[in-house]
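Read through the structure below, which is laid out as structure tokens, and then see the notes.
Atoms within a ligand are numbered from 1 in the order they appear, just like the ligands themselves. The figures that follow rest on heavy atoms only: side chains count, while hydrogens, waters and symmetry mates do not.
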Amino acid sequence: MSVRPILRWPDPRLSQHCAPVASVTPEIETLADDMLDTMYAAPGRGLAAPQIGVLLRLFVMDATWKTGPRTPQVLINPDITARSETKVVTGEGCLSIPGVTMDIARPDWVEVAWTERDGTRQSGRFEGFAAVCVQHELDHLDGVVTFDRLSPEARQTAEFAYAEAVR
Ligand code: ZN
């Protein structure tokens, strides 16, 4: 178990489409443990593998730990299978884009299928902040960051704020 360095935008690895995990090997389990350690240490509520430079389709999240008990989750090869038609705007931060929050509209619930650490396929419905978290992390697996979800005008403002924040 170890904390790994988190890449910062515009590292090109954050813009890559990630490859599926072929099988849940001991190496993948170690990677998932390191990702959870890294997320909690950051501190954050979600972390995708490409954020530590591993271009594979998995992410970890814990939507509750900042206000309640820890509920660590590891989602391998996740796919959104259904989504709400209602969108809500949430101010989203990103561990790879520290210092800026961006208002992004996303479906207010999603249904997701994924592979668990034991190799079984699971599905579940995520609502509220957990839905935001799942969609944000899934975007990372497709090489999409919060800047990419903004209008050109909003992106310009956010990129300027980020440049100031990390200067
Ligand atoms: Zn992020």
What lies under 2.8 Å from the Zn ion (ligand 1), restricted to protein N/O/S atoms, is Cys94 SG, His136 NE2, His140 NE2
Answer yes if the side chains of Arg8 and Ser96 hold a donor-acceptor pair under 3.5 Å, and no otherwise.
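No.
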Hydrogens and angles aside, do Thr86 and Asp108 bring a side-chain donor and acceptor to less than 3.5 Å of each other?
no
Side chains of Leu56 and Ile28, heavy atoms from C-beta outward: is any pair under 4.5 Å?
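Of all side-chain heavy-atom pairs linking Ile28 with Leu56, at least one is under 4.5 Å.
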Give the C-alpha distance, both sets of side-chain angles, the deciding distance and a yes or no for side-chain contact (heavy atoms from CB on, under 4.5 Å) between Met102 and Ile97.
CA-CA 10 Å; Met102 293 174 234; Ile97 310 175; 3.9 Å; yes
Hydrophobic cluster membership, Leu95 vs Val3, 4.5 Å side-chain cutoff:
no
Thr64 vs Asp62, test: side-chain hydrogen bond (donor to acceptor under 3.5 Å, both in side chains). Steps then yes/no.
CA-CA 6 Å; Thr64 62; Asp62 185 336; 3.2 Å; yes
